[in-house]
2 protein chains.
Amino acid sequence: MPIRTGPVVVPTAVIKRLPMYYRYLQVLVDQGLERVSSRELSQLMGITSSQLRQDLSYFGEFGQQGYGYKVTELYQAICEILGIEKQYKTVLVGVGNLGRALINYQGFSRRGLNLKGIFDNNPAIIGENINDFTVRSVEELRPYLQKEAIQIGVITTPASAAQKIADLLIAGGVTGIWNFAPQHINVPEDVIVENTHIGDGLLSLFFKMKHQERLELK
Amino acid sequence: MPIRTGPVVVPTAVIKRLPMYYRYLQVLVDQGLERVSSRELSQLMGITSSQLRQDLSYFGEFGQQGYGYKVTELYQAICEILGIEKQYKTVLVGVGNLGRALINYQGFSRRGLNLKGIFDNNPAIIGENINDFTVRSVEELRPYLQKEAIQIGVITTPASAAQKIADLLIAGGVTGIWNFAPQHINVPEDVIVENTHIGDGLLSLFFKMKHQERLELK
DNA sequence: AATAGATTGTTAAAATATTGACAAAGTAAG
DNA sequence: CTTACTTTGTCAATATTTTAACAATCTATT
Ligand SMILES: NC(=O)c1ccc[n+]([C@@H]2O[C@H](COP(=O)([O-])OP(=O)(O)OC[C@H]3O[C@@H](n4cnc5c(N)ncnc54)[C@H](O)[C@@H]3O)[C@@H](O)[C@H]2O)c1
Ligand SMILES: NC(=O)c1ccc[n+]([C@@H]2O[C@H](COP(=O)([O-])OP(=O)(O)OC[C@H]3O[C@@H](n4cnc5c(N)ncnc54)[C@H](O)[C@@H]3O)[C@@H](O)[C@H]2O)c1
């Protein structure tokens with residue numbers, strides 16, 4: 001499912017690499033590096049310089065022949081492409097182990113996540129304070145979403161509750177869902193679901209370790 | 001980097017889908033479903049039945065013409081392929097927000113993760129008990145790894161400590177690292193690193209929301 | 001201002017991945 | 001036991017992704 005941005009159709013494979021570009025460029029920005037060539041950056045990232053240049057070319061021309069890329073310019077371009085400057089208003093539902101980790105993580109506000117409220121259905125934790133947020137009851141979720149014009153909902157409830165919460169979020173006007181529950185969520189066409197399956201990484205590691213001795217370049 | 005399992009070379013794209021097969025089959029097993037066809041399962045998963053059959057064919061023949069697949073058999077086959085039965089001995093380093101979420105998560109022991117010990121360098125939390133584990137000092141890490149013959153290390157420290165911890169793990173004989181820090185880790189050839197960048201999912205969501213109206217099938 | 005060297009953006013060739021089609025081989029039911 | 005139906009595993013066609021190559025164009029230095 002490639003995406004048309006402006007006049008150009010961008011392949012899915014390219015889109016999947018954008019967050020990686022963001023991560024590596026952020027490091028270079030923090031280091032205060034002024035310029036970088038496609039060869040240097042691609043070596044850091046473990047990809048070919050050809051792929052890096054090809055990927056960027058879908059979005060515009062960001063470099064200069066004979067010079068390379070200005071790090072801050074390229075970083076800002078990637079931020080712009082990703083939509084980081086949009087500051088989407090967000091709620092999180094399910095203040096358990098994972099929910100708390102996300103709420104306390106500073107990296108997300110840097111990425112432009114504007115967390116406005118956190119919700120749970122467990123009376124024992126409603127009212128609790130976590131990193132300046134007070135846990136609200138899911139009963140209040142629906143009206144809260146509309147009052148605050150929330151755009152993104154993060155689901156960190158057990159899988160059994162995920163669809164119900166998604167329905168609530170959508171009814172409240174949310175158009176993007178970041179789902180951590182290992183549960184497929186059905187949504188209308190105009191709502192976007194991004195699933196993050198943390199456990200998948202572990203299984204990939206298992207597989208590679210089991211077949212390690214047989215690892216082979218084709 | 002395709003992988004040879006037995007006599008056959010398995011494409012990377014197939015390997016990346018294996019954890020998804022695991023997840024969906026686990027649901028069917030839990031539901032007590034006896035049989036499933038490639039058409040049914042692929043529809044659940046949002047892929048083509050052709051791809052499902054093609055993927056499985058790299059590992060053997062698991063179905064029967066005219067019948068489909070026996071759910072438990074296929075599930076066990078996927079578990080076997082992934083190496084879930086291996087029960088790799090594991091430590092976790094960095095008992096912060098994310099570390100605690102992982103330690104408390106039940107899904108990982110089901111996947112065959114055999115967590116043996118958890119470590120941190122913050123005196124304030126060394127000695128604390130979390131889900132039957134006592135937080136140990138990183139000072140004890142190196143000898144512990146060898147004594148217990150640990151195979152996998154999970155890194156949930158800040159990025160700044162990740163390489164140092166990885167070096168320690170490798171020196172102690174670990175051959176698999178599951179890294180959550182947004183930091184590239186250099187390792188010798190025989191050590192496998194699996195990076196899980198939780199934040200990437202958020203950026204993908206941002207991108208898709210920003211370009212939503214332009215979403216387009218090629 | 002001229003020249004040597006560097007590096008981009010783009011093209012097209014090569015490599016991978018996905019899909020549709022179908023023979024082979026089973027099931028299920030009379 | 002036969003027939004109609006289902007569904008697999010595989011093949012090959014199609015589509016997508018990656019890579020190598022290079023003209024164009026900039027930098028840096030004399
Ligand atoms: N913790 C991890 O490391 C981890 C890893 C991979 C996947 N996950 C997935 O993330 C999700 C959360 O995991 P967790 O470990 O934080 O679980 P958890 O049990 O610690 O937290 C779940 C929270 O959701 C709340 N909740 C339950 N039903 C609700 C409802 N209907 N409305 C609002 N809140 C509700 C609970 O009260 C609890 O606070 C699960 O789906 C889990 O499978 C977690
Ligand atoms: N929390 C999240 O939701 C989240 C999301 C994406 C990525 N991450 C990444 O995961 C990692 C952990 O995040 P967190 O939110 O749990 O951070 P955290 O600060 O809550 O926890 C880090 C823990 O590591 C310990 N530590 C620091 N240096 C150490 C060392 N040298 N040896 C042993 N322990 C050490 C600290 O004492 C602390 O307990 C970070 O790299 C972060 O970027 C976290």
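Scope of the values below: all heavy atoms of this structure, side chains included, with no hydrogens, waters or symmetry mates. Order of the sequence lines sets the chain letters (A, B, ...), proteins ahead of strands, with each chain counted from 1.
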Expressed as a whole number of angstroms, how long is the span from [X]:[atom1] to [N]:[atom2]?
{"X": "B/Glu40", "N": "D/dT6", "atom1": "CD", "atom2": "P", "result": "12 Å"}
{"X": "A/Phe62", "N": "D/dC26", "atom1": "CZ", "atom2": "P", "result": "17 Å"}
{"X": "B/Gln65", "N": "D/dT8", "atom1": "CD", "atom2": "C1'", "result": "4 Å"}
{"X": "A/Leu74", "N": "C/dT7", "atom1": "CG", "atom2": "C1'", "result": "14 Å"}
{"X": "B/Leu52", "N": "D/dT7", "atom1": "CG", "atom2": "C1'", "result": "12 Å"}
{"X": "B/Tyr67", "N": "D/dA4", "atom1": "OH", "atom2": "P", "result": "24 Å"}
{"X": "B/Leu56", "N": "D/dT7", "atom1": "CG", "atom2": "C1'", "result": "13 Å"}
{"X": "A/Tyr58", "N": "D/dT16", "atom1": "OH", "atom2": "P", "result": "11 Å"}

Check whether any side-chain N or O of [X] sits under 4.0 Å from OP1 or OP2 of [N], and answer yes or no.
{"X": "B/Ser38", "N": "D/dT8", "result": "yes"}
{"X": "B/Gln51", "N": "C/dT18", "result": "yes"}
{"X": "B/Arg17", "N": "C/dT18", "result": "yes"}
{"X": "A/Tyr69", "N": "C/dA6", "result": "no"}
{"X": "A/Arg35", "N": "D/dC26", "result": "no"}
{"X": "A/Arg53", "N": "C/dT8", "result": "yes"}

For [X], report the nucleic acid contact type (base, sugar-phosphate, nothing); a contact means any heavy atom under 4.0 Å.
{"X": "B/Ser49", "result": "nothing"}
{"X": "A/Ser50", "result": "base"}
{"X": "A/Gln64", "result": "sugar-phosphate"}

TODO: State the CG-OG distance between A/Asp55 and A/Ser38, to the nearest 0.5 angstrom.
DONE: 11.5 Å

TODO: Find the distance between CG (A/Leu74) and CG (A/Leu52) and round it off to the nearest 0.5 Å.
DONE: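 Answer rounded to 0.5 Å: 7.5 Å.
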
Task: Sole residue of A/Tyr22, A/Tyr88, A/Trp178 in ring pair (Phe, Tyr, Trp, His ring centres under 6.0 Å) with B/Phe206 - done: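 So the option named by the test is A/Tyr88.
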
Task: A/Ile47 vs A/Gly66, nearer the 5' end of DNA chain D by closest nucleotide - done: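 Residue closer to the 5' terminus by nearest nucleotide: A/Ile47.
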
Open item on the list: Return whichever of B/Ser37 or B/Gln54 has its heavy-atom-nearest nucleotide of DNA chain D closer to the 5' end.
Closed with: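 Upstream on the strand: B/Ser37.
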
Open item on the list: Against B/Gln26, only a single residue in B/Leu28, B/Asp30, B/Val29 fulfils side-chain contact (heavy atoms from CB on, under 4.5 Å); can you say which?
Closed with: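 When B/Leu28, B/Asp30, B/Val29 are each tested with B/Gln26, the side-chain contact (heavy atoms from CB on, under 4.5 Å) holds only for B/Asp30.
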
TODO: Over 60° means perpendicular and under 30° means parallel, so classify the ring planes of B/His211 and B/Phe207, tilted if in between.
DONE: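 Rings of B/Phe207 and B/His211: tilted, as their planes differ by 30° to 60°.
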
